[in-house]
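Written below as structure tokens is the structure these notes are about.
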Amino acid sequence: MQPEERAVTGVPGFDAMLRGGFLTRTANLLEGAPGCGKTTLGMQFIHYGATHGEPGLILTFEQFPEQYYRDAAGFGWDFRELERRRLLQVIMSSPEVTKADLERFNGRIAGLVSNMGVKRILVDSISQFERMTDDPVELRNLLHGFLNALRREGLTALFTREAYVLLGDEQREEDETEASMSFLVDSYVLLRYVEIESAIHRAIIVLKMRGSAHDTHIRQFDIGPHGLVVQEPFKGREGILSGTPQYMAESFIKAFVRR
Ligand SMILES: Nc1ncnc2c1ncn2[C@@H]1O[C@H](COP(=O)(O)OP(=O)(O)OP(=O)(O)O)[C@@H](O)[C@H]1O
Ligand SMILES: [Mg+2]
């Protein structure tokens, strides 16, 4: 039997949560509040691939490529150089153009996949794509078509998605598109801010991963000079940090369980 193929993310601690990385040729959703580190994790995944024999694409509907070059440079990742070496390409497009491109035989993305040997794609973010229609059924079909087109190209895809909830215990509306996106993808990872003892910490949890075991702990992570670093689960620290483990457990449940 072939060993499972994994796309190592290169994010310390996160690969262990995924039992080695994302399964290759899958669609993976990374959801989180503004500024919590979605783009950084995505760039780290693409940078690791590009420097380990798996060229990547960054597809954006919002930010200019310059912003990625600059943000990446802040973590010591030279995206311009990787582009020169044909290991990376940042593409700014619109959801409509992207959809048409993927439906065309030998479109731009398919061309890059075959010419550069692209294996990974970061779509930052899927939220623009979701604005293409208000009809939930049509949207589900659109997303399904998009995810499948990327799988068909043999890509391991990471989609970021904004969640408009800052802290875990804010009330939120469950919206239709969010529900459909999280069902369509192969894995679903959440980034959250968690308030502990009046300080804000960043937390990460793998909510689902088709075809693989995964860590079910809620872990703290930091964004340091070389990107994200995932730490130990919060669990072991409960007593130390708060002295009120009961309260802690409650706040975590509030942070992560949808109502
Ligand atoms: N060079 C750096 N070193 C350490 N931390 C950094 C560095 N650059 C950015 N950060 C941190 O990363 C955070 C931004 O992360 P990122 O842009 O990945 O978030 P995001 O979830 O994509 O946000 P948005 O929802 O706005 O797209 C900043 O708030 C900052 O705290
Ligand atoms: Mg971002």
Side-chain angles (χ1 to χ4, degrees), residues 5-32 34-93 98 108-109 112-126 150-151 153-162 185-187 189-191 202 204 206 209 219 221-231:
E5 278 186 68
R6 298 275 174 167
V8 176
T9 68
V11 177
F14 184 47
D15 286 310
M17 292 182 81
L18 301 172
R19 304 292 184 258
F22 293 121
L23 289 166
T24 54
R25 296 170 173 255
T26 56
N28 306 280
L29 178 63
L30 177 63
E31 190 185 289
C36 65
K38 302 178 297 293
T39 300
T40 307
L41 194 158
M43 291 194 303
Q44 207 165 345
F45 167 73
I46 292 297
H47 178 261
Y48 186 89
T51 52
H52 290 80
E54 296 197 349
L57 299 179
I58 296 178
L59 176 62
T60 169
F61 304 127
E62 288 144 71
Q63 287 183 187
F64 286 99
E66 283 66 31
Q67 195 164 340
Y68 291 91
Y69 302 141
R70 201 188 51 219
D71 290 354
F75 296 106
W77 308 324
D78 192 345
F79 276 13
R80 284 184 193 280
E81 175 60 17
L82 290 172
E83 279 202 332
R84 269 194 291 274
R85 292 166 55 200
R86 305 277 294 151
L87 297 170
L88 167 71
Q89 180 124 3
V90 184
I91 302 169
M92 193 186 179
S93 185
T98 302
R108 180 182 181 194
I109 291 175
L112 290 170
V113 169
S114 55
N115 295 335
M116 289 169 55
V118 172
K119 297 277 186 268
R120 301 181 175 200
I121 186 167
L122 167 66
V123 181
D124 190 39
S125 72
I126 195 68
L150 297 179
R151 286 196 191 101
E153 295 297 339
L155 300 176
T156 307
L158 182 58
F159 302 86
T160 63
R161 186 177 194 283
E162 286 111 47
V185 290
D186 299 291
S187 87
V189 178
L190 276 188
L191 304 184
R202 288 179 163 103
I204 185 166
V206 180
M209 194 173 178
R219 289 178 184 265
F221 71 91
D222 298 315
I223 304 181
H226 307 294
L228 269 75
V229 179
V230 176
Q231 315 286 350

Subject >> T98 vs V123, side chain to side chain contact (heavy atoms under 4.5 Å, CB included): CA-CA, chis, key distance, verdict >> reply: CA-CA 11 Å; T98 302; V123 181; over 6 Å; no
Original post:
Side chains of T160 and D124: do they bring a donor and an acceptor to under 3.5 Å?
Top reply: yes
**OP:** Hey, can you tell me if F22 and F45 have their rings parallel, tilted or perpendicular (30° and 60° cut-offs)?
**Re:**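 Ring orientation, 0 to 90° scale: perpendicular.
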Subject >> Worked verdict on F14 versus R219 for side chain to side chain contact (heavy atoms under 4.5 Å, CB included) >> reply: CA-CA 9 Å; F14 184 47; R219 289 178 184 265; over 6 Å; no
Any [X] side-chain heavy atom under 4.5 Å of [Y] side chain:
X	Y	result
T51	L82	yes
V189	L29	no
L112	I91	yes
L59	S93	yes
I121	E153	no

Original post:
Distance-only, no hydrogens or angles: does the R202 side chain make a donor-acceptor pair with backbone N or O of L191 under 3.5 Å?
Top reply: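 No; judged by distance alone, with no hydrogens or angles, the pair does not exist.
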Original post:
Quick check: does any side chain N or O of H52 sit under 3.5 Å from a backbone N or O of Y48, one acting as donor and the other as acceptor?
Top reply: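 Flag set: sc H52 to bb Y48 pair under 3.5 Å.
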Rounded to the nearest 0.5 Å, what separates atom [atom1] in [X] from atom [atom2] in [Y]?
X	Y	atom1	atom2	value
R161	I126	CZ	CD1	9.0 Å
L158	I58	CG	CD1	10.5 Å
I109	Q89	CD1	CD	10.5 Å
L88	Y68	CG	OH	11.5 Å
R84	D78	CZ	CG	6.5 Å
H47	F79	NE2	CZ	6.5 Å

**OP:** Could you check R6, R120, K119 and say which one makes a salt bridge (charged side-chain N to carboxylate O under 4.0 Å, His left out) with E54?
**Re:** R120
Please give me the minimum heavy-atom distance between [X] and [Y], naming the atom from each residue.
X	Y	result
L57	I46	O-CD1, 3.6 Å
A157	L150	CB-CD1, 4.2 Å
D222	Q231	OD2-NE2, 2.8 Å
M43	A72	CE-N, 3.9 Å
L228	G37	CD1-O, 3.9 Å
D186	R151	OD2-NH2, 3.0 Å

Original post:
Considering the options Q63, E162, K38, which one meets the side chain to side chain donor-acceptor pair (under 3.5 Å) requirement together with S125?
Top reply: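 Of Q63, E162, K38, side chain to side chain donor-acceptor pair (under 3.5 Å) with S125 is met by E162 alone.
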Original post:
Is it true that E83 and R80 make a salt bridge, defined as a side-chain N closer than 4.0 Å to a carboxylate O?
Top reply: no
Subject >> All pairs passing salt bridge (charged side-chain N to carboxylate O under 4.0 Å, His left out) where residues 66-76 contributes a residue, at least two apart >> reply: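 Output for this query is empty, none listed.
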